[in-house]
Amino acid sequence: MAKNFPTREENYSQWYNDLVIKADLAENSAVRGCMVIKPYGFAIWEKMQAALDKMFKDTGHQNAYFPIFIPKSFFNKEASHVKGFAKECAVVTHYRLKISEDGKEIVVDEDAKLEEELIIRPTSETIIWDTYKKWIQSYRDLPILVNQWANVVRWEMRTRLFLRTTEFLWQEGHTAHATKEEAVEETEKILNIYTDFAENWMAVPVIRGTKSPNERFAGAIETYCIEALMQDGKALQSGTSHFLGQNFAKAFDVKFLTKENKLEYVWATSWGVSTRLMGALIMAHSDDNGLVLPPKLAPIQVVIIPIYKKKEHLELISEKANQIKKLLEKKGISVKYDDRDTHKPGWKFSEYEFKGVPVRLVIGPRDLENETIEVARRDTLEKEVLQITDIENKIENLLKQIQSNLFQKALSFREDNTFIIDTWDEFKERIEKGGFILAYWDGTAETEQKIKDETKATIRTIPIENLHEEGECIYTGKPSKQRVVFARAY
RNA sequence: CGGGAUGUGGCGCAGUUGGUUAGCGUGCUGGUCUGGGGGACCAGAGGCCGUGAGUUCGAGUCUCACCAUCCCGACCA
């Protein structure tokens with residue numbers, strides 16, 4: 001275990017913060033609320049990007065790029081959209097600096113005031129729909145299936161590394177369709193991609209559903225989401241896919257001629273996942289010994305560490321290690337052979353364990369004699385000595401096992417922490433201990449707000465699957481069509 | 001923006017009722033012995049004590065102001 005590293009039990013939020021910093025994923029920057037993503041952390045993000053990007057492209061989407069600045073007036077055009085974002089926008093008002101009169105400082109040149117202020121994008125619907133207006137005239141121009149990888153800025157009051165930062169990285173898809181059905185289908189298709197990614201790449205089980213009106217995206221008709229449960233019993237919204245109806249088409253006057261030569265507004269969707277996924281990944285699997293990464297997203301999947309006393313030993317071991325490295329790499333496994341003489345083996349063990357490398361291989365003089373190798377897995381911390389024959393297949397299988405074990409572990413954690421609750425007293429008691437609560441809700445915003453005020457719990461999602469039997473609202477006793485998922489959230 | 005706290009070598013901290021040359025852990029540099037779970041010893045380098053005023057013979061220490069950061073709330077992917 002790392003020195004002075006808190007356990008989850010002692011202080012979960014400090015455990016998380018320390019983990020991010022000590023595992024070299026990211027650190028706070030000189031700019032309040034903004035983080036520096038360090039190479040190791042960014043490597044994980046790049047693997048996420050690569051996997052998602054392929055999924056988007058495989059379903060017909062293309063990448064494009066729109067400006068970081070949005071004219072202020074664009075935000076006026078969609079009423080609920082501006083309401084949702086106005087309070088957290090960074091605004092550019094000037095375009096030039098100058099030397100102050102006493103020559104000591106650099107100050108804003110008041111003469112360089114912008115005619116119209118520019119907003120640093122908190123999301124890009126407005127600039128994109130202003131652009132789509134030019135792209136769309138006919139049903140033949142539809143659909144438009146565009147995604148952009150970008151940074152956005154939301155001036156949040158309180159920030160936490162990856163979970164909520166002032167600037168964050170994300171992808172935002174913005175699609176335009178001729179019919180409502182097609183747009184809804186797109187929204188759901190993306191939700192399925194997000195689910196697939198969360199569960200099969202991140203090994204994080206998620207609940208798919210829609211948001212209550214209170215939690216809906218500003219400007220959306222319907223917001224679909226995936227919700228994950230973290231180890232401290234809090235929920236984390238991990239991705240959203242919005243059906244925007246014709247709201248933005250109307251706001252930006254985007255119409256097209258149908259086959260029947262009728263002028264109609266375009267139907268829209270938007271969807272995104274952000275670097276917040278890093279937070280979900282970290283919190284879902286890691287333990288008191290540090291980070292635990294699912295093999296599919298680990299920048300280093302296998303580390304090989306030599307143990308030797310003399311230089312001659314190292315040469316022999318290196319030869320063997322490099323052979324194994326090549327065999328594994330042929331299987332597409334990323335391997336690091338750490339033969340640095342500047343750190344001791346024990347130090348390296350701790351280091352890679354803390355950084356969540358799924359598999360560690362150790363070769364020493366003993367192994368050379370016996371044709372063996374020590375294999376340690378990060379998820380269970382188990383070690384065993386294996387015959388070196390066929391090592392590449394053994395490791396390949398082990399990585400698959402680790403991937404599915406992590407998912408299973410997270411899934412049973414979620415199951416153990418999901419509760420069907422039917423009385424208000426039980427609800428209040430349970431919410432203190434965390435977890436997902438499945439309870440009936442009368443469907444009104446007032447009730448949701450009251451529950452939030454009294455317990456800090458929100459409706460995380462109205463699940464798509466199951467739970468469609470009727471009952472009585474946990475708070476008001478009024479009729480309810482189905483159970484929804486309550487939790488305290490990040 | 002409300003409540004609480006903290007600013008001292010890179011990082012984490014100590015520094016008594018004000019008193020001489022500001023310490024400790026870790027990290028860093030060099031060396032010797034080491035090496036199957038964060039090694040031992042030796043020798044080094046590294047400080048405008050957050051900023052600015054004040055009190056005093058004397059301020060890391062007391063007073064005031066400012067700045068910054070962190071934690072807890074309200075806001076949020």
Side-chain angles (χ1 to χ4, degrees), chain A residues 1-6 11 13-14 17-18 21-22 27-34 83-89 122-123 150-172 194 211 214-218 220 223 225-228 235-242 270-280 289-290 305-311 313-314 317 339-355 360-370 372-376 381 383 385 452-453 456 458 460 489-490:
Chain A
M1 191 191 299
K3 293 164 190 169
N4 305 321
F5 183 61
N11 186 340
S13 96
Q14 199 185 351
N17 284 335
D18 284 16
I21 289 165
K22 289 181 180 163
E27 63 190 31
N28 285 304
S29 71
V31 184
R32 194 204 78 103
C34 294
K83 224 174 129 199
F85 287 104
K87 283 175 289 182
E88 50 189 38
C89 285
T123 181
N151 58 339
V152 288
V153 167
R154 296 182 189 176
W155 213 267
E156 302 286 355
M157 297 292 187
R158 282 188 63 196
T159 59
R160 289 189 71 194
L161 293 167
F162 290 119
L163 296 175
R164 187 176 305 110
T165 46
T166 301
E167 179 193 18
F168 58 94
L169 305 182
W170 77 347
Q171 59 71 214
E172 48 179 327
Y194 288 162
K211 284 289 184 193
N214 272 1
E215 301 277 326
R216 204 173 274 159
F217 175 75
T223 289
C225 65
I226 52 172
E227 289 284 327
L236 185 71
Q237 177 175 310
S238 308
T240 47
S241 180
H242 314 290
S270 72
W271 29 274
V273 294
S274 70
T275 34
R276 174 178 256 200
L277 286 180
M278 293 284 293
N289 299 304
I305 296 171
I307 293 185
Y308 56 94
K309 288 190 180 154
K310 294 173 185 163
K311 279 270 145 52
H313 287 152
L314 179 60
I317 291 166
D339 62 348
R340 287 177 299 171
D341 195 35
T342 49
H343 294 282
K344 324 279 291 199
W347 190 93
K348 292 176 188 170
F349 293 175
S350 301
E351 174 76 1
Y352 291 108
E353 200 162 285
F354 201 83
K355 288 192 161 182
R360 181 186 72 226
L361 302 178
V362 179
I363 311 178
R366 249 188 270 158
D367 300 298
L368 282 190
E369 269 178 45
N370 304 333
T372 57
I373 189 160
E374 184 189 89
V375 180
L381 297 171
K383 288 191 284 197
V385 176
K452 186 180 179 184
D453 292 344
K456 293 181 198 161
T458 50
R460 299 321 305 155
Y490 276 97

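Lettering of chains follows the sequences in order, A, B, ..., and the numbering in each one begins at 1.
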Polar atoms only, N or O, under 3.5 Å: list the protein pairs with nucleotides 39-46 of chain B and their distances.
from  : atom 1 : to     : atom 2 : distance (Å)
B/G39 : N7     : A/K344 : NZ     : 3.1

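Interatomic distance, A/N28 CG to A/T165 OG1, rounded to the nearest 0.5 Å: 10.0 Å.
Within 4.0 Å of A/L236, counting heavy atoms only, lies no atom of the nucleic acid at all. At the heavy-atom level, A/R366 lies under 4.0 Å from base atoms of the strands shown. In this structure, A/F217 reaches neither bases nor backbone, as no heavy-atom distance under 4.0 Å exists between it and the strands shown. Within the 4.0 angstrom heavy-atom criterion, base atoms lie near A/T165. As judged by a 4.0 angstrom heavy-atom cut-off over every strand, A/T240 is placed among residues making no nucleic acid contact.
Sequence order on RNA chain B of the closest nucleotides to A/T159 and A/G239 puts A/T159 first from the 5' end. Nearer to the 5' terminus of RNA chain B, by closest-nucleotide assignment, is the contact made by A/L368 (compared with the other of A/L368 and A/E215).
No hydrogens or angles were tested; on distance alone, nothing pairs the side chain of A/N289 with the base of B/G37 as donor and acceptor under 3.5 Å. For B/G37, its base sits under 3.5 Å from the side chain of A/K383 at one donor and acceptor pair at least.
Counting non-hydrogen atoms of other residues, nucleotides and ligands closer than 6.0 Å to CH2 of A/W155 gives a total of 12 or fewer.
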> Where does RNA chain B pair, written as one dot-bracket string 5' to 3', with Watson-Crick or G-U pairs under 3.5 Å, ( ) inside the strand, [ ] for crossing pairs and | for another strand?
Replying inline: (((((((..((((.....[...)))).((((((.....)))))).....(((((..]....))))))))))))....
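Taking a cutoff of 4.0 Å between a charged side-chain nitrogen and a carboxylate oxygen, A/K211 and A/E227 qualify as a salt bridge.
Ring planes of A/F168 and A/W170: perpendicular class, angle over 60° (limits at 30 and 60°).
Candidate nucleotides B/G37, B/G36, B/C76 were compared by shortest atom distance to the side chain of A/I307, and B/G36 ranks first. Of the listed nucleotides (B/C75, B/A74, B/G36), B/G36 has the atom at the smallest distance from the side chain of A/P365. Closest contact between the side chain of A/N17 and the listed nucleotides B/C75, B/G35, B/C71 involves B/C71.
Considering only residues two or more places apart in sequence or on other chains, A/H313 meets the ring pair (Phe, Tyr, Trp, His ring centres under 6.0 Å) condition with none of them.
Within the cation-pi definition used here (under 6.0 Å to the ring centroid, within 45° of the axis), A/R164 does not qualify as a partner of A/Y490.
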